[in-house]
Structure formats: C-alpha cells, structure tokens
Colleague: 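Before I ask anything, here is the structure I am working with.
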Number of protein chains: 2
Amino acid sequence: MDKIKILVTDDHPMVLEGMQTMLSQIGFVVITGLARNAYEAMELIKANLPHIVITDISMPEISGIAFAAKIKNEYPGVKIIAMSTFNERSYISQMVQNGASGYILKSAAKEEIEEAILTVYEGKLYMSVELELNKKEQQEINKIPILTSREKEVLALIAEGFTNPQIAAKLFVSPYTVDSHRKNLLTKFEVNNTAGLIKLAAKYGLV
Amino acid sequence: MDKIKILVTDDHPMVLEGMQTMLSQIGFVVITGLARNAYEAMELIKANLPHIVITDISMPEISGIAFAAKIKNEYPGVKIIAMSTFNERSYISQMVQNGASGYILKSAAKEEIEEAILTVYEGKLYMSVELELNKKEQQEINKIPILTSREKEVLALIAEGFTNPQIAAKLFVSPYTVDSHRKNLLTKFEVNNTAGLIKLAAKYGLV
DNA sequence: GAAAAAATCACCTGAAAAAGGGATTGATCA
DNA sequence: TGATCAATCCCTTTTTCAGGTGATTTTTTC
C-alpha cells in the first residue's frame with residue numbers, strides 16, 4: 001500500500017525533531033512536512049495534501065483548535081490528530097468539536113503514535129490510552145455535547161454574563177431565539193440551570 | 001577545551017529525541033545520558049557526573065523542582081537548566097530557589113539552547129527572554145477574592161446546579177441566608193449573575 | 001475586652017430564567 | 001423527495017435570581 005502522508009505542526013522545534021525521528025522509524029508513513037505554525041502548515045497542506053495532520057494544540061497566533069477548524073473547512077478529507085501535554089486535556093472536546101479524529105500526548109511512545117496513525121487513517125477515533133485514568137472520564141468525554149456554531153456563540157455570551165435580551169441585541173435576533181438556544185444548551189448538557197451549564201462548559205474547555 | 005557533558009531529563013520521549021538531535025549539532029557538548037525520570041537521572045549522574053543537567057519541570061513522581069533540590073544536595077557542582085512549556089513559568093522562582101541556573105522554554109531554538117548552556121557553564125544565570133509578559137497575570141492573581149468557608153460551600157453547591165432553596169435545605173439554614181452568601185459572592189467576584197460567577201470560579205480553580 | 005469579620009435571618013421589588021408547549025423556514029443529505 | 005437538523009420566532013406559568021436595606025448572633029482577631 002501507499003505510505004500514509006503525514007504533516008506535523010508544532011511551535012516547539014524540539015517536538016518537531018522528536019516527531020521526525022519517531023515517524024522516520026515507522027515503515028508505512030512518510031513525512032510530507034514539518035511546520036512551526038498554522039500558516040506554514042496550510043501552505044504545506046496545499047502543496048502536498050497529506051492524509052493526516054498531527055498538530056499541537058497550544059500554539060501562538062493560531063491555536064490548534066482554530067487550525068483544526070480551518071483544515072476541516074478547506075480540506076474535509078484530511079484527518080487530524082491533536083497532540084498536547086498532559087495538563088491540556090480539557091481541550092480534547094474542543095478539538096473533537098472541530099474535527100480532530102485522534103488525540104495523543106506528547107509523552108507518547110513510538111508504538112502509540114503508530115497505532116494512532118493507523119486508527120485515524122482507517123477513519124476511526126483514537127484516544128490516547130494514557131488519558132483514560134479512569135472510566136468515568138472516558139464516559140464523560142462521550143457525553144460532551146456537539147454544539148452548533150450558533151449555540152457556541154450563545155454559550156460564550158452567557159458565560160460572559162450577558163442576559164438573554166442583551167445577547168439577542170448582540171446577535172440581532174429575537175430574545176425568543178436566544179431563549180431557544182439556551183434551552184437547547186441546557187438539554188444538551190443535561191443540566192437545569194445556568195450554573196450547571198457554565199460549570200460543565202468550563203470543565204470541557206468550551207468557555 | 002573538553003566538551004561540556006550534558007544530561008537531559010524529561011518524561012516525554014519526543015522531547016528527549018528532539019534534545020538529542022539538537023545537542024548533537026552543537027560542537028562543544030556531549031550527551032552523557034537521557035533520562036525519563038529523576039531516578040534514572042540520578043543513576044546516570046552518579047555514573048557520569050555531567051556538568052549540566054537539563055530537566056523538565058513537570059514530571060510525574062518527582063517533579064523538576066524536587067529533582068533540582070536533590071541534585072544540588074548531592075552534587076552541588078552540577079549546574080541545572082530548567083525546561084518547561086510556556087504555561088508553567090510560575091515555577092521559575094521555585095526552580096531558582098532550588099538551585100537552577102537557567103530557564104529555557106521547550107520552544108527554544110538550537111541557538112538559544114547553545115547560549116543557555118554556555119552561560120550556565122560559565123557560572124552565570126540564564127533566563128529565557130521569552131518569559132517576560134506577566135504584569136497582567138500578576139494582577140489577575142491578586143484579583144482572586146478570598147472566600148469564607150461558608151461561601152466556598154455555597155459556591156460549590158451553586159456550581160452543582162442547586163437552587164437557593166435546595167442549598168438552604170442541604171445546609172440547614174434559611175434560604176435568605178443562602179441568598180446573602182450568593183450576593184456576597186457576586187460582589188466579591190465583581191460579576192452580576194451566576195454565569196459570570198461560575199465562569200470566574202472555574203477559571204480560578206475554585207469549582 | 002473591644003473591634004472586626006463571618007454567619008445568620010428577614011422583607012420587598014422587578015427582572016430574568018426555567019419549563020412547558022408549538023410553529024416556520026431553509027439547508028443538507030440519504 | 002422525504003427526512004433531518006439548524007435557526008428562527010412565539011406564548012404562558014412558575015420559580016429563581018439580583019439589588020437593595022437592615023439586623024442579630026457568633027466567632028475571630030488584635
């Protein structure tokens with residue numbers, strides 16, 4: 001079979017180096033590019049159209065989250081594997097929201113990266129095993145609701161402390177509409193008031 | 001002159017790989033070991049006595065901070081360069097307290113690592129230039145309100161999504177009392193509704 | 001032992017949110 | 001082409017919240 005084309009994006013040269021070394025030891029992949037930021041990466045994607053983009057989550061300028069959205073928008077076929085350090089797993093949900101198919105830690109060993117690439121290449125979802133410290137968290141991730149873009153907007157404004165009328169004015173829609181979105185948010189998050197909503201949203205890194 | 005002997009400690013294999021590649025490109029250094037944790041590192045220090053130990057700050061089991069103290073205690077002559085990601089710079093002072101002579105970010109390029117090694121080897125202090133943007137951060141930390149224990153209780157229950165009457169029942173007090181606490185919380189956090197309250201509380205790690 | 005802070009309780013008002021119902025339009029997709 | 005979903009809008013009732021004002025009783029602190 002053809003080799004799986006991979007592009008790696010990370011603002012840390014050290015991580016790029018490490019990734020390059022590791023990936024070069026995997027027979028079935030070929031590195032089509034190493035980028036230090038989303039701009040460079042977009043150029044390289046345009047030039048080479050990789051199968052999979054492995055990207056860091058926290059990068060200056062354009063974050064991995066925004067980057068993922070951009071990729072999915074312009075190249076829906078490209079799979080994305082998010083990469084982060086341990087203490088950033090609150091962003092998992094955001095990455096998944098924005099189209100990531102996999103999530104690995106920077107502490108991942110070669111074998112895990114290999115598995116992640118294969119799994120994602122087959123169209124499945126790969127979540128780092130080191131993430132499942134317990135079953136509860138795993139279950140929780142599956143519980144993270146998928147929000148529409150409008151719902152995300154409304155959620156963000158609610159979190160900022162705006163009331164329905166204020167939000168309605170900002171979005172140029174009727175307060176009734178905002179109320180609908182709000183109700184849908186409560187339903188999706190399975191909570192019964194704003195406090196629970198914001199707490200969960202904060203937990204999942206959505207606000 | 002003799003080459004500068006360096007040992008690198010990091011729990012992320014990728015970072016070790018990257019460091020190895022980078023350091024091997026610097027003429028005047030030689031890697032005497034790569035360790036994934038403080039235990040391994042102590043063994044390697046014993047065996048080879050490096051001039052400089054470059055260590056990650058956040059590691060499981062023994063943190064970089066404790067590790068630095070250990071090194072300085074047993075091998076006072078060994079210089080230490082702390083390494084971290086961007087969002088950990090609050091630990092700088094602790095590392096310096098514990099004997100680190102240098103601080104670099106994992107995003108450092110080869111040239112900076114080179115400079116850091118030379119500077120530290122000469123007995124001087126090296127601080128990554130990229131660190132200085134924390135006046136706002138400092139201010140924000142000072143803004144975190146001091147809550148009474150009762151307020152913390154109430155805040156936690158609000159965050160759980162309970163209403164004032166429910167909280168009152170749980171705490172065996174009047175709903176009026178809960179309401180008072182709630183209002184004090186809003187005042188202390190300088191917000192005007194629950195959404196803002198929970199968002200801030202989540203940000204500060206209080207819920 | 002006095003002063004300050006924390007915790008408690010009370011009442012009122014008006015605004016907002018929650019919970020319930022339903023309806024229309026347009027886009028997307030199988 | 002029929003189904004689904006997102007986004008929009010509408011209505012009512014009940015409950016909760018936010019803002020204000022004021023007071024008493026513990027507990028802590030100086």
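Each chain gets a letter, A, B and so on, in the order its sequence line appears, and its residues count up from 1. As the structure is a computational prediction, the values presented were derived from the model and not from experiment.
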Colleague: For a quick check of understanding: with a heavy-atom distance under 4.0 Å over all strands, which category does Thr177(B) fall into, base, sugar-phosphate or nothing?
Modeller: base
Colleague: Output the rounded distance in Å from CG (Asn184(A)) to P (dA18(C)).
Modeller: 13 Å
Colleague: Holding to side chain to side chain contact (heavy atoms under 4.5 Å, CB included), I want the full list of residues that pass it with Glu43(B), two or more places apart in sequence or in another chain.
Modeller: none
Colleague: So what does Thr148(A) touch, heavy atoms closer than 4.0 Å: a base, only the sugar-phosphate, or nothing?
Modeller: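 Counting heavy atoms under 4.0 Å across all strands, the contact made by Thr148(A) is with sugar-phosphate only.
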Colleague: In whole Å, I'd like the distance from the CG atom of Asn192(B) to the C1' atom of dA15(C).
Modeller: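 One finds 13 Å between C1' of dA15(C) and CG of Asn192(B), rounded.
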Colleague: Please report, to 0.1 Å, the donor-acceptor pairs under 3.5 Å made by any side chain of residues 22-35 of chain A, with sequence neighbours excluded.
Modeller:
from: Ser24(A); atom 1: OG; to: Gln20(A); atom 2: O; distance (Å): 3.2
from: Ser24(A); atom 1: OG; to: Thr21(A); atom 2: O; distance (Å): 2.7
from: Thr32(A); atom 1: OG1; to: Ile6(A); atom 2: O; distance (Å): 3.4

Colleague: Rounded off to whole Å, could you give me the CG-to-C1' distance for the Leu185(B) and dA6(C) pair?
Modeller: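 Result: 13 Å.
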Colleague: Determine: side-chain N/O of His181(B) to OP1/OP2 of dT8(C), distance under 4.0 Å, yes or no.
Modeller: yes
Colleague: Among all residues two or more places apart in sequence or in another chain, which pass the side chain to side chain contact (heavy atoms under 4.5 Å, CB included) test with Thr177(B)?
Modeller: Val173(B), Ser174(B), His181(B)
Colleague: Where along residues 149-165 of chain A does a heavy atom fall under 4.0 Å from DNA chain D?
Modeller: Ser149(A), Arg150(A)
Colleague: Can you tell if the side chain of Met19(B) reaches within under 4.5 Å of the side chain of Ile113(B), non-hydrogen atoms only?
Modeller: yes
Colleague: Starting at the 5' end of DNA chain C and moving along, which residue's nearest nucleotide shows up first, Asn193(B) or Phe172(B)?
Modeller: Phe172(B)
Colleague: Taking salt bridge (charged side-chain N to carboxylate O under 4.0 Å, His left out) as the definition, give me every residue that meets it alongside Lys170(A), ordered by chain and number, with sequence neighbours left out.
Modeller: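 Here no residue qualifies.
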Colleague: Does Glu151(A) reach the main-chain N or O of Leu147(A) with its side chain, forming a donor-acceptor pair under 3.5 Å?
Modeller: no
Colleague: Considering the terminal five base pairs at each end of the helix from dG1(C)-dC30(D) to dA30(C)-dT1(D), what angle separates the two local helix axes, rounded to 10°?
Modeller: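 Axis angle across the helix from dG1(C)-dC30(D) to dA30(C)-dT1(D), nearest 10°: 70°.
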Colleague: By salt bridge (charged side-chain N to carboxylate O under 4.0 Å, His left out), which residues pair with Glu160(B), not counting sequence neighbours?
Modeller: Lys199(A)
Colleague: List for me each residue that meets salt bridge (charged side-chain N to carboxylate O under 4.0 Å, His left out) alongside Glu17(A), sequence neighbours excluded, and say none if there are none.
Modeller: none
Colleague: According to a strict under-4.0 Å criterion, is Tyr176(A) in side-chain N/O contact with OP1 or OP2 of dC11(D)?
Modeller: yes
Colleague: Quick one: salt bridge (charged side-chain N to carboxylate O under 4.0 Å, His left out) pairs with a partner in residues 72-81 of chain A, sequence neighbours left out?
Modeller: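 Found Lys70(A)-Glu74(A).
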Colleague: Report each atom pair, protein N/O against N/O of nucleotides 20-28 of chain C, whose distance is under 3.5 angstrom.
Modeller:
from: dG20(C); atom 1: O6; to: Lys183(A); atom 2: NZ; distance (Å): 2.3

Colleague: Could you pull out all residues at least two apart from Arg150(A) that satisfy salt bridge (charged side-chain N to carboxylate O under 4.0 Å, His left out)?
Modeller: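 Counting only residues at least two positions away or on another chain, Arg150(A) forms a salt bridge (charged side-chain N to carboxylate O under 4.0 Å, His left out) with Glu153(A).
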Colleague: May I have the distance from Leu186(A) (atom CG) to dT16(D) (atom P), rounded to whole angstrom?
Modeller: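 Distance, rounded to whole Å: 15 Å.
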Colleague: In whole angstrom, what separates Arg182(B)'s CZ from dC9(C)'s P?
Modeller: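 One finds 17 Å between P of dC9(C) and CZ of Arg182(B), rounded.
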Colleague: Which residues satisfy the side chain to side chain contact (heavy atoms under 4.5 Å, CB included) test with Ala195(B), sequence neighbours excluded?
Modeller: Ile158(A), Thr194(A), Ile198(A), Asn193(B)
